[in-house]
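Step one of this worksheet: look at the structure below.
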There are 2 protein chains.
Amino acid sequence: MDKIDRKLLNLLQDDASRTNAELAELVGLSPSSCLRRIRRLKESGVISHVVALLAPAKAGRGMKAFVTIELERHGEQYMRDFLERAAQETAVTQAYSVSGQTDAVLMLRLTDMDEFDALCERLFRERSNVARYYTMFVIRTAKEVTAIPL
Amino acid sequence: MDKIDRKLLNLLQDDASRTNAELAELVGLSPSSCLRRIRRLKESGVISHVVALLAPAKAGRGMKAFVTIELERHGEQYMRDFLERAAQETAVTQAYSVSGQTDAVLMLRLTDMDEFDALCERLFRERSNVARYYTMFVIRTAKEVTAIPL
DNA sequence: CGATTCTGTGCAATAAAATTGCAATCGACA
DNA sequence: TGTCGATTGCAATTTTATTGCACAGAATCG
């Protein structure tokens, strides 16, 4: 993992639809060398996926929310159960167990409030182990990148 | 935006490195038709980017944290200032203003605690407008997808 | 109801891009 | 300084993307 690899990764994290020739040009390598490096980065798992990102609003899910959750009972198994149930919800795009007063954090992508209500019913109220949950609706997105700084 | 478009978007959100011929096969179209649809989806902005996703641990940023922030003074301009400063930090991958008791939420990708400490110093303590901040370190990631369900 | 337009389709030809073999070069290390 | 292993660039080859074109279906309008 040298300087060129990092440069390549930064470029690919920003826009993976560039042609290999273009990337080669940008990092100052021949196309073949460049391609071999990229392949190596994929095989080693540093690059885990190449995906298309959609504009949330145009995909009909412009509403975002964070939910912090405190569980009633705090065993490892309870946490596992809750996260598993949460992960199965399509509106849940991120689900974590965390340190601190809060036990879990969810990131939601919603179409409307009805969907939110139905989700809360299933996840937090219906025979659940949730003691308290606190919802923060996203008002403004100042930054949202998938790139990991190198 | 018909059924085939949605299918294409789901496929591309999952893996955008597939060849056009493969995608065409999967949605039951000819390669040329398929390509034209994808181009249309890009031009219309539904597909906003195509990016490489890295394995955080292998990229040296395995540590994640959420921070909720309450500001001292609550004007629009104060919020704007804070978010702008936060967004400039490379460790901050997501920055939002939110509804509720909390004013802002940050998502952090960190290499170590020293980086966290330095970030807090810059963002929360150094002549800042932050009244209180609460950090939740991610213990387990149960789900983390970029795909928007369609 | 029929003519017309518009949008989308498949096929085949073309252009562009990725991929590979190979010889040369670079750099670490003895 | 010589040797080994890894990386490079070039050029040939293969694969993939792209485009022109004619046709089919749906919607529009008189």
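Order of the sequence lines sets the chain letters (A, B, ...), proteins ahead of strands, with each chain counted from 1.
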(request) Nearest whole angstrom, please: distance from the P of dA17(D) to the CG of Leu12(B). (result) 11 Å
(request) May I have the distance from Asn20(A) (atom CG) to dA17(C) (atom P), rounded to whole angstrom? (result) 10 Å
(request) Going by the salt bridge (charged side-chain N to carboxylate O under 4.0 Å, His left out) test, name the single residue among Arg39(A), Arg37(A), Arg36(A) that passes it with Asp5(A). (result) Arg37(A)
(message) Can a donor-acceptor pair be found, under 3.5 Å and without considering hydrogens, that links the side chain of Ser44(B) to the backbone of Arg40(B)?
(response) yes
(request) Rounded to the nearest angstrom, tell me the gap between atom CG in Leu23(A) and atom C1' in dA17(C). (result) 12 Å
(message) Run Leu108(B) and Glu115(B) through side-chain contact (heavy atoms from CB on, under 4.5 Å) and show every step you take.
(response) CA-CA 10 Å; Leu108(B) 269 36; Glu115(B) 189 184 13; over 6 Å; no
(request) Verify the cluster assignment for Leu53(B) and Ile47(A): are they in a single hydrophobic cluster under the rule of side-chain heavy atoms below 4.5 Å apart? (result) no
(request) Please report, rounded to the nearest Å, how far the C1' atom of dT19(C) is from the CD atom of Glu43(A). (result) 13 Å
(message) Whether the side chain of Lys58(A) engages the backbone of Val46(B) through a donor-acceptor N/O pair (distance < 3.5 Å, no angle test) should be reported.
(response) no
(request) Return the value, rounded to whole Å, for the distance between atom CZ of Arg39(B) and atom C1' of dT18(D). (result) 7 Å
(message) Rounded to whole Å, please give me the gap between CG in Leu35(A) and C1' in dC10(D).
(response) 15 Å
(message) I'd like to know if the side chain of Lys42(A) reaches the main chain of His49(A), judged simply by a donor and an acceptor atom lying under 3.5 Å from each other, with no hydrogens or angles considered.
(response) no
Tabulated below should be each protein N or O lying under 3.5 Å from an N or O of nucleotides 7-9 of chain D; please produce it.
| unit_1 | atom_1 | unit_2 | atom_2 | d |
| --- | --- | --- | --- | --- |
| dT8(D) | OP1 | Arg37(A) | NE | 3.0 |
| dT8(D) | OP1 | Arg37(A) | NH2 | 2.6 |
| dT8(D) | O5' | Ser33(A) | OG | 3.1 |
| dG9(D) | OP2 | Ser30(A) | N | 2.7 |
| dG9(D) | OP2 | Ser30(A) | OG | 2.7 |
| dG9(D) | OP2 | Ser33(A) | OG | 3.2 |
| dG9(D) | N7 | Ser32(A) | OG | 3.2 |
| dG9(D) | O6 | Arg36(A) | NH2 | 2.9 |

(request) Measure the distance from CG on Leu41(B) to P on dG8(C) and round it to the nearest whole Å. (result) 11 Å
(message) At less than 4.0 Å, is any side-chain N or O atom of Arg18(A) found next to OP1 or OP2 of dA18(C)? Yes or no.
(response) no
